[in-house]
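Notes follow once the structure below has been shown.
Quick caveat, the model's predicted, so the values are computed rather than measured.
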Amino acid sequence: CYTKNGTLEFTRERKSMSVHVTANGRDELLVKGAPDCLLDRCTHVKTAAGQVQPLTAAIKKEILESYHELATGGESLRCLGMATKASTPYASLTGISDPNQFATIESGLTFVGFVGILDP
């Protein structure tokens, strides 16, 4: 069970938004947004086996190719990327009230995947 502590609202500049949560005594930032923009702020990726590894240029390229295939294919799906980051307690985050600092807070992320949804 997660306790929501706060939200970093969506901005067009970074094309993402985040929710800061606490679960089992651990603070975490959950981020969703445009996959290409999120990947630029990720340093790691979580594999299908659940292992976290560095995000290499080759892995990033593979993810972006899959994303572009879904986004521009026959269905032209709207894609949302998801990432996470271990965090300090919400109240101690620097810049939480300044939207210009949100991209800095949302850096060093671990990319966990993306979804494609049909947007009517």
Side-chain angles (χ1 to χ4, degrees):
C1 182
Y2 289 93
T3 301
K4 179 180 171 183
N5 302 314
T7 301
L8 303 182
E9 297 296 338
F10 178 87
T11 64
R12 289 183 182 195
E13 294 77 25
R14 71 186 208 288
K15 296 183 181 176
S16 63
M17 64 87 56
S18 299
V19 177
H20 187 283
V21 297
T22 302
N24 300 321
R26 291 188 356 238
D27 291 296
E28 197 167 3
L29 195 62
L30 307 176
V31 188
K32 70 175 182 175
D36 50 343
C37 295
L38 272 187
L39 281 167
D40 288 340
R41 288 180 268 137
C42 289
T43 55
H44 290 79
V45 62
K46 190 173 215 175
T47 68
Q51 296 177 332
V52 175
Q53 64 185 47
L55 178 63
T56 63
I59 294 171
K60 183 176 178 178
K61 181 180 181 215
E62 186 178 329
I63 293 168
L64 287 172
E65 286 172 354
S66 295
Y67 157 58
H68 288 293
E69 185 178 320
L70 284 177
T72 61
E75 301 266 349
S76 293
L77 300 177
R78 177 180 297 237
C79 295
L80 281 175
M82 293 160 281
T84 186
K85 175 182 177 180
S87 181
T88 58
Y90 186 73
S92 68
L93 285 174
T94 303
I96 58 172
S97 60
D98 180 2
N100 294 318
Q101 296 299 311
F102 290 176
T104 302
I105 295 169
E106 292 176 349
S107 63
L109 301 171
T110 297
F111 190 79
V112 295
F114 67 89
V115 296
I117 56 175
L118 190 57
D119 199 8

Note, Pro99 side chain near Glu13 side chain (heavy atom, < 4.5 Å)
no

Applying salt bridge (charged side-chain N to carboxylate O under 4.0 Å, His left out), name anything that partners Lys15, two or more places apart in sequence or on another chain.
none

Would you check if Phe114 and Ser66 make a side-chain contact, meaning some heavy-atom pair closer than 4.5 Å?
yes

Any non-hydrogen side-chain atom of Thr56 less than 4.5 Å from a side-chain atom of Ile59?
yes

Extract all donor-acceptor atom pairs below 3.5 Å that involve side chains of residues 24-33 and protein atoms in other chains or at least two apart in sequence.
residue : atom : partner : partner atom : Å
Asp27   : OD1  : Thr22   : OG1          : 2.6
Glu28   : OE2  : Thr84   : OG1          : 2.5

What residues, two or more places apart in sequence or in another chain, satisfy side chain to side chain donor-acceptor pair (under 3.5 Å) together with Lys4?
Thr7

With side chains defined as the heavy atoms from C-beta onward, is the minimum distance between Glu69 and Glu65 less than 4.5 Å?
no

When you group the ILVMFWY residues by side-chain heavy-atom contacts below 4.5 Å and let the links chain together, are Phe111 and Tyr67 in the same group?
yes

Do Leu93 and His20 touch side chain to side chain, with heavy atoms closer than 4.5 Å?
yes

Would you check if Glu75 and Leu118 make a side-chain contact, meaning some heavy-atom pair closer than 4.5 Å?
yes

Presence of salt bridge, Glu106 and Arg14, under 4.0 angstrom
yes

Considering only heavy atoms from C-beta outward, does the side chain of Thr3 approach that of Val21 to under 4.5 Å?
no

